[in-house]
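None of the values given here were measured: they were computed from a predicted structure.
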Amino acid sequence: MPLDASQNSLVLPLLGLLVERPSHAYGLASQLRERYGHPTATRSTVTSLLKSLERAGSVASQQPERVGKRPPRTVYELTEAGMADFRRKVEAGLGEGRAASVDFVMAVAYAGVLSADHAASLLESRAERLDRELAGLRDRPDGVAEAHMLEAAYWRTIVTAEADWVRTLASRIRSHDIDWPGAGPGGQGEDRR
């Protein structure tokens, strides 16, 4: 785990799940495994992250409650500061996340917390950045066998595919082909940054 718990890759999906509804550590760990397949999302890891997020003011805990014969569980909910941090993390993941990174995938999962216009703009900027990355990728140097540079062709394919997918997604958002959360007339939604 990173020394700064807010940099842990589980923080964004944890906050995203709390956007959906308040929950306790056990429930969040189960949801992370079910939805994202994070085998390392143990209850103790989630509990540690929640306590760190609570100290930072991103989440607030409620008094532990006992349901049936189960042990008491502390339920956590997102604070206003937590929601603002969550949106910043989504923006950063969409705009700055490395190609083919978990940070980008998790940001895409929660892009709906941004206005449609803002999300589309971030994605369009990302596609342009990926195009520049592609332009800067070197071809196989003379005299180097292709078998020794297979990763270069692989990476070019990955970055090309992501740039195309991102560009298509931005276009679909702009054309209202995707129902956007909070979308009013015209499907653009409010700017909830």
- line: Contacts satisfying ring-ring contact (aromatic ring centres under 6.0 Å, His included) that involve residues 46-78 (not counting sequence neighbours) are none
task: Answer whether the closest heavy-atom distance between the side chains of Arg167 and Glu124 falls below 4.5 Å.
output: no
query: Applying the 4.5 Å side-chain criterion to the ILVMFWY set and letting contacts propagate, would Val159 and Leu123 be lumped into a single cluster?
result: no
query: Between Ser48 and Thr45, is a side chain to side chain donor-acceptor pair (under 3.5 Å) present by the stated rule, with each step listed?
result: CA-CA 5 Å; Ser48 295; Thr45 298; over 6 Å; no
- line: In short, Ser23 meets Gln31 closest at the heavy-atom pair OG-OE1, 4.0 Å
- request: Without swapping roles, check the side chain of Ser30 against the backbone of Tyr26 for a donor-acceptor pair under 3.5 Å.
  value: yes
task: Kindly say whether Thr47 contributes a backbone atom to a donor-acceptor pair with the side chain of Arg43 at under 3.5 angstrom?
output: no
field: Closest non-hydrogen atom pair, Gly82 against Leu15
entry: O-CD1, 4.4 Å
- prompt: Looking at Leu137 and Arg156, what are the two nearest heavy atoms and their distance?
  reply: O-NH2, 3.4 Å
field: Side chains of Leu12 and Phe86 in contact at under 4.5 Å (non-hydrogen atoms)
entry: yes
- prompt: So if you build clusters from Ile, Leu, Val, Met, Phe, Trp, Tyr with side-chain heavy-atom gaps below 4.5 Å, do Val144 and Tyr154 land together?
  reply: no
query: Looking only at heavy atoms, what is the nearest atom pair of Ala81 and Gly57, with distance?
result: CB-O, 3.7 Å
- prompt: Given side chains that start at C-beta, do those of His148 and Pro141 come closer than 4.5 Å, heavy atoms only?
  reply: no
field: Test item: Gln63 and Val75 side chains (from C-beta on) under 4.5 Å apart, heavy atoms
entry: no
query: Is the closest side-chain heavy-atom distance between Lys51 and Val59 below 4.5 Å?
result: no
query: Between Arg126 and Glu162, does at least one N-O distance fall below 4.0 Å, as a salt bridge requires?
result: yes
Euclidean distance, Asn8 CG relative to Leu49 CG, rounded to 0.5 Å: 4.5 Å
query: Tell me the ring-ring contact (aromatic ring centres under 6.0 Å, His included) pairs involving residues 41-75, sequence neighbours left out?
result: none
Reported NE2-to-CZ distance for the pair His118 and Arg87, which is rounded to 0.5 angstrom: 10.0 Å
message: Less than 4.5 Å apart, side chain to side chain, heavy atoms only: is that true for Glu146 and Leu150?
response: yes
- line: Closest non-hydrogen atoms of Tyr36 and Ala109, given as atom of the first, atom of the second and distance, are OH-CB, 4.2 Å
Result block: side-chain N/O donor-acceptor pairs under 3.5 angstrom for residues 95-108, not counting sequence neighbours:
unit_1 : atom_1 : unit_2 : atom_2 : d
Ser101 : OG     : Arg98  : O      : 2.7
Ser101 : OG     : Phe104 : N      : 3.1

query: Under a 4.5 Å cut-off applied to non-hydrogen side-chain atoms, are Val166 and Leu94 in contact?
result: no
Minimum heavy-atom distance Ile173-Ala116, with the two atoms named: CG2-O, 3.4 Å
Reported CD1-to-CG distance for the pair Ile158 and Leu134, which is rounded to 0.5 angstrom: 11.0 Å
- prompt: Does Tyr110 reach the side chain of Leu17, with side-chain heavy atoms less than 4.5 Å apart?
  reply: yes
N/O donor-acceptor pair under 3.5 Å between Arg33 side chain and Ala41 backbone: yes
- prompt: About how many Å separate CD of Glu91 and CG of Leu122, when rounded to the nearest 0.5 Å?
  reply: 6.0 Å
- prompt: At what distance, to the nearest 0.5 angstrom, does CZ of Arg129 lie from CG of Asp131?
  reply: 11.0 Å
- prompt: If Ile, Leu, Val, Met, Phe, Trp and Tyr residues are connected whenever their side-chain heavy atoms lie under 4.5 Å apart, and connections chain through other members, are Met83 and Leu14 in the same group?
  reply: yes
From CA spacing to verdict: side-chain contact (heavy atoms from CB on, under 4.5 Å), Leu50, Thr74: CA-CA 10 Å; Leu50 287 169; Thr74 302; over 6 Å; no
- request: Kindly say whether Arg70 contributes a backbone atom to a donor-acceptor pair with the side chain of Arg66 at under 3.5 angstrom?
  value: yes
message: I'd like to know if the side chain of Ser58 and the backbone of Glu54 have a donor-acceptor N/O pair within less than 3.5 Å.
response: no
Donor-acceptor contact present, side-chain Trp180 to main-chain Leu114, <3.5 Å: yes
task: Could you walk me through whether Val46 and Thr42 pass the side-chain contact (heavy atoms from CB on, under 4.5 Å) test, one step at a time?
output: CA-CA 6 Å; Val46 170; Thr42 64; over 6 Å; no
task: Could you grab the distance from atom CD of Glu80 to atom CG of Asp85, nearest 0.5 Å is fine?
output: 13.5 Å
message: Between Leu169 and Ile178, does the side-chain contact (heavy atoms from CB on, under 4.5 Å) criterion hold? Intermediate values first, please.
response: CA-CA 9 Å; Leu169 178 59; Ile178 297 175; 3.5 Å; yes
